[in-house]
Amino acid sequence: MTVIAKLTTVELKLLAREPGSIFTILIPLFILIVFGSSISPGDTVLLPMTLAIAVGLVGLYQVPTTLATYRERGILRRLSTTPVRPGSLLGVQLILQFMLALTACGLLLAVASTVLGAHVPSQVVPLAAAFLLGTAAMFAIGLLIAAVAANGRTANGVGVMLYFPMAYLAGLMQPAEMMPLILARIGEFTPLGAFRESLQDVWAGASPGLLPLGVMAAYAVVVSLAAAKFFRWE
Amino acid sequence: MAVIDVTDLTKRYADHTVLNGISFSVEEGEIFGLLGPNGTGKTTTVECVEGLRRADGGSIRVLGLDPIRDGRQLRERIGVQLQHTQLPENIKVWEALDLYASFYAQPRDWRELLEEWGLADKRNARFGKLSGGQKQRLFIALALVGNPRVAFLDELTTGLDPQARRATWELIKKVRASGVTVVLVSHFMDEVEELCDRVAVFDRGRIIATGTPEQLIDGVDADHQMRFTLMATTDPVALLSGLPGVSGVTRDGSKVTVTGRGDFATAVTSALARNLIPVADLRIDKRTLDDAFLALTGRSFNL
């Protein structure tokens, strides 16, 4: 087995043993089921909200906490004394976290379309584009937290502190239509808000707006550059 | 042939000089100790040798390779145990060994290492559930799993109880017996004295002495001490004070302490025997590396 395959297998086992990753799958599912029991078949709000919650949780909790803990425990440093570069571990982790986000979202779509009978859009390309950009933007923020946080606990705390205001501005606590206009407007320029909005566009049968797509792309690029600049291996 | 050759190594952080002209060489198959109080540059030195840090000046050759330029090749041939590193809490012992073995072109069979290092019954235990001694043994096993020519062990017995330390020392001797050169970083005198074939003594970013522990101890220019308990009422102070080599005699009740140099102990014991003065608990204090360090720096090791 190649090194990367072995590293992926071990990291996947570790991820599965981590209660946090189970919660990031269960929390949005729980919200979907509680609020979805009375969902109308044509609803375009609830499913995009829960998808955004799932991606937000992975990006703001899982990514920074895992990576900052690896650095804090000296695992990246120990790896750099072997023939394997610590960057490989980082790459494997990001792929697995992406798979986690994908699994959480896949599960939401499956449960919503089968059990709840909710509408799932058939336009795969715009859906995939919104998902990829939204995940990239949220992961970039997670990476920046991991880059600057001193240890795993701090990274976790910063993730929690950022998650709630971001989720509120994104219209994940209450629908954006019911929020004060100015806050809803600000929310459009946050990565999570732009993600929710572009998903809602797809659910409504339209193409995602260029503004939210652009907002997500901008966060993904600018924030991950900052993360790369500040990242320390030890 | 020297396995490691370090010449005139320097390292500065901002205006602070951490290494100030470090030179030493390590021969094949020996346990070489870097000894000194914390913060004297030992760890920085090995980290430069391992290629983890870049030195500001000087040259380093490990197995004929430059740690920075030939890093990839060098990392195939060395094994490292770092201070303050952990593994993920939930990784199992066998998974860690199996994973690290996969990093190297010609690894050792990790099942053998499990046996050798007494971890066979912990095979399926998670890292977070291991005791301090078990974790330490796992780290050493991980340092050896790549079948290295040189193993670097940094403060390997810190935090272990005396029994676990002794057990670890025996295992390190086995590592040397298997032909692996060992570089040991330690601030424990007893550990270095017990294990190392040669030692470099660090003080404030310099090496102040290099040699076998015996050479360093013998180089100390200071008095020895012998102590005994009197079993009779005869006062031996006057008798012993005049003996050749004796520099001082003190008596506290039945307890007598004699200081001196050279062969003074033989003179003292034969004088006691000649005068039929019975004594008990006769002890000659062995000089240690502690005394050597004190003599070299004028400071006690622990200050």
Side-chain angles (χ1 to χ4, degrees), chain A residues 1-24 62-94 96-97 100 146 150-153 155-156 232-234, chain B residues 43 46-47 49-53 62 67-68 70-107 110 124 126-129 135 138-139 142-148 150-154:
Chain A
M1 212 184 334
T2 68
V3 175
I4 296 299
K6 183 85 82 180
L7 205 52
T8 310
T9 314
V10 172
E11 291 300 317
L12 184 61
K13 286 188 200 173
L14 293 177
L15 194 65
R17 287 174 196 158
E18 192 60 56
S21 51
I22 311 297
F23 284 125
T24 47
Q62 286 291 121
V63 171
T65 309
T66 314
L67 295 182
T69 305
Y70 274 17
R71 183 184 48 217
E72 178 193 356
R73 296 178 77 87
I75 292 165
L76 299 175
R77 205 165 127 70
R78 175 65 181 82
L79 216 52
S80 57
T81 69
T82 74
V84 174
R85 306 318 296 142
S88 323
L89 181 60
L90 221 59
V92 165
Q93 263 302 328
L94 284 180
L96 288 178
Q97 299 290 351
L100 179 67
N151 55 45
R153 271 192 316 279
N156 192 267
R232 295 287 170 267
W233 295 103
E234 54 186 79
Chain B
T43 295
V46 276
E47 286 180 350
V49 174
E50 294 158 356
L52 275 180
R53 282 180 208 285
V62 185
I68 300 292
D70 315 315
R72 178 72 175 69
Q73 272 170 288
L74 180 64
R75 287 190 293 271
E76 273 292 347
R77 295 170 172 78
I78 63 171
V80 175
Q81 176 247 322
L82 294 170
Q83 216 181 332
H84 313 304
T85 39
Q86 301 286 312
L87 291 172
E89 285 291 297
N90 286 324
I91 198 165
K92 293 179 180 171
V93 168
W94 78 267
E95 289 169 344
L97 282 162
D98 184 42
L99 177 65
Y100 274 68
S102 77
F103 296 166
Y104 299 89
Q106 281 145 355
W110 56 262
N124 290 313
R126 295 185 181 194
F127 176 78
K129 302 279 182 217
K135 284 181 182 172
L138 176 58
F139 287 136
L142 287 174
L144 299 173
V145 79
N147 212 358
V150 189
F152 295 90
L153 307 173
D154 196 343

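Residue numbering restarts at 1 for every chain, and letters A, B, ... go by the order of the sequence lines. Computation of the quantities below employed the complete heavy-atom set of this structure, encompassing side-chain atoms and omitting hydrogens, waters and symmetry-equivalent molecules.
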First locate atom CD1 of B/I91, then atom CD1 of A/I75, and finally report the distance between them rounded to the nearest 0.5 Å. 8.0 Å

Using only the distance criterion (under 3.5 Å, no hydrogens considered), which donor-acceptor pairs connect chain A with chain B?
{"from": "A/K6", "atom 1": "NZ", "to": "B/D98", "atom 2": "OD1", "distance (Å)": "3.3"}
{"from": "A/K6", "atom 1": "NZ", "to": "B/D98", "atom 2": "OD2", "distance (Å)": "3.1"}
{"from": "A/K13", "atom 1": "NZ", "to": "B/E95", "atom 2": "OE2", "distance (Å)": "3.1"}
{"from": "A/R17", "atom 1": "NH1", "to": "B/N90", "atom 2": "O", "distance (Å)": "2.6"}
{"from": "A/R17", "atom 1": "NH1", "to": "B/E95", "atom 2": "OE1", "distance (Å)": "3.0"}
{"from": "A/R17", "atom 1": "NH2", "to": "B/E95", "atom 2": "OE2", "distance (Å)": "2.7"}
{"from": "A/R73", "atom 1": "O", "to": "B/Q86", "atom 2": "N", "distance (Å)": "2.7"}
{"from": "A/R73", "atom 1": "NE", "to": "B/L87", "atom 2": "O", "distance (Å)": "2.8"}
{"from": "A/R73", "atom 1": "NH1", "to": "B/E89", "atom 2": "OE2", "distance (Å)": "3.4"}
{"from": "A/R73", "atom 1": "NH2", "to": "B/L87", "atom 2": "O", "distance (Å)": "2.8"}
{"from": "A/R73", "atom 1": "NH2", "to": "B/E89", "atom 2": "OE2", "distance (Å)": "2.7"}
{"from": "A/R77", "atom 1": "NH2", "to": "B/E47", "atom 2": "OE2", "distance (Å)": "2.2"}
{"from": "A/R78", "atom 1": "NE", "to": "B/V80", "atom 2": "O", "distance (Å)": "3.2"}
{"from": "A/R78", "atom 1": "NH2", "to": "B/V80", "atom 2": "O", "distance (Å)": "3.1"}
{"from": "A/T82", "atom 1": "O", "to": "B/R75", "atom 2": "NE", "distance (Å)": "3.0"}

With a 4.5 angstrom heavy-atom cut-off, which part of B/L142 approaches chain A: side chain, backbone, both or neither? both

Partners meeting side-chain contact (heavy atoms from CB on, under 4.5 Å) with B/I68 (sequence neighbours left out): B/R54, B/D66

